[in-house]
Engineer: 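Provided herewith is a single structure, encoded as structure tokens, for subsequent inquiry.
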Amino acid sequence: MGASGSKARGLWPFTSAAGGGGPEAAVAEQALVRPRGRVVPPFVFTRRGSMFYDEDGDLAHEFYEETIVTKNGQKRAKLRRVHKNLIPQGTVKLDPPRIHVDFPVILYEARAQGMGWPSRPGPFGELRTPGKRI
């Protein structure tokens, strides 16, 4: 598990090139993106499509064809999966862009205290505003 990232292949674009113990190394250690030759953005703009086109131009994850099977003199219709003559979808543009799976940042939801926004529902479903006593 976990081999889907680029770290498993030996390409880790977000690592630090500085290996010393000085103040530069401390700053580089806390930086979100550490440039190493070229700057790698933390976003993914495209992905490989998971769907296929058939001969008719239809787009789907998988295709089936109906076949007639004769068993004990009775005709039955069965579905058989089609594997031939399928064209991959190709590259799909992501809108909005996603954060790269190997980007070393922990995302969390900031609390809305002091802004006058409701923070979380109370025990009976009412929204409590920070600073107000119920």
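Keep in mind that what you see is a predicted model, and the values were worked out from it rather than measured.
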Engineer: Other than Tyr53, which residues form its hydrophobic cluster under the rule that side-chain heavy atoms must be closer than 4.5 Å?
Structural biologist: Met51, Leu59, Ile87

Engineer: List the residues meeting salt bridge (charged side-chain N to carboxylate O under 4.0 Å, His left out) with Glu62, not counting sequence neighbours, and say none if there are none.
Structural biologist: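 Applying salt bridge (charged side-chain N to carboxylate O under 4.0 Å, His left out) to Glu62 gives Arg81.
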
Engineer: Using the test side-chain hydrogen bond (donor to acceptor under 3.5 Å, both in side chains), find all partners of Asp58 that sit at least two apart in sequence or belong to another chain.
Structural biologist: none

Engineer: Check which hydrophobic residues are tied to Val69 through side-chain heavy-atom contacts below 4.5 Å, counting indirect links as well, and list them.
Structural biologist: none

Engineer: Can you name the side-chain hydrogen bond (donor to acceptor under 3.5 Å, both in side chains) partners of Glu55, sequence neighbours left out?
Structural biologist: Asn85

Engineer: Check for me, please, whether Ile99 and Val44 land in the same ILVMFWY cluster - side-chain distances under 4.5 Å, paths through other members count.
Structural biologist: no

Engineer: Could you list the residues that satisfy side chain to side chain contact (heavy atoms under 4.5 Å, CB included) with Lys75, not counting sequence neighbours?
Structural biologist: Ile68, Thr70

Engineer: Partners of Glu65 by side chain to side chain contact (heavy atoms under 4.5 Å, CB included), sequence neighbours excluded?
Structural biologist: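 Only Thr67, Arg80, Val82 meet the side chain to side chain contact (heavy atoms under 4.5 Å, CB included) criterion with Glu65.
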
Engineer: Which atom names give the shortest non-hydrogen contact between Glu66 and Ala77, and what distance separates them?
Structural biologist: OE2-CB, 3.1 Å

Engineer: Looking at His100 and Asp102, what are the two nearest heavy atoms and their distance?
Structural biologist: ND1-N, 3.0 Å

Engineer: Count the heavy atoms belonging to other residues, nucleotides or ligands that lie under 6.0 Å from CG of Asn72, then report whether that count exceeds 12.
Structural biologist: no

Engineer: Under a single-linkage rule joining Ile, Leu, Val, Met, Phe, Trp and Tyr whose side-chain heavy atoms are separated by less than 4.5 Å, which residues share a cluster with Leu79?
Structural biologist: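 Hydrophobic cluster check, Leu79: joined to Tyr64.
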
Engineer: Please enumerate all residues that pass side chain to side chain contact (heavy atoms under 4.5 Å, CB included) together with Pro88, with sequence neighbours excluded.
Structural biologist: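 Listed in chain order: Phe52.
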
Engineer: Give me each pair satisfying salt bridge (charged side-chain N to carboxylate O under 4.0 Å, His left out) with a member in residues 82-95, each pair once, sequence neighbours excluded.
Structural biologist: none

Engineer: Tell me every residue that passes salt bridge (charged side-chain N to carboxylate O under 4.0 Å, His left out) with Arg76, counting only those two or more places apart in sequence or in another chain.
Structural biologist: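 Not a single residue meets the salt bridge (charged side-chain N to carboxylate O under 4.0 Å, His left out) criterion with Arg76.
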
Engineer: Taking it one step at a time, do Phe63 and Asp54 satisfy side-chain contact (heavy atoms from CB on, under 4.5 Å)?
Structural biologist: CA-CA 8 Å; Phe63 291 93; Asp54 67 346; 3.7 Å; yes

Engineer: Can you tell me how far apart CD (Gln89) and OG (Ser50) are? Round to the nearest 0.5 Å.
Structural biologist: 6.5 Å

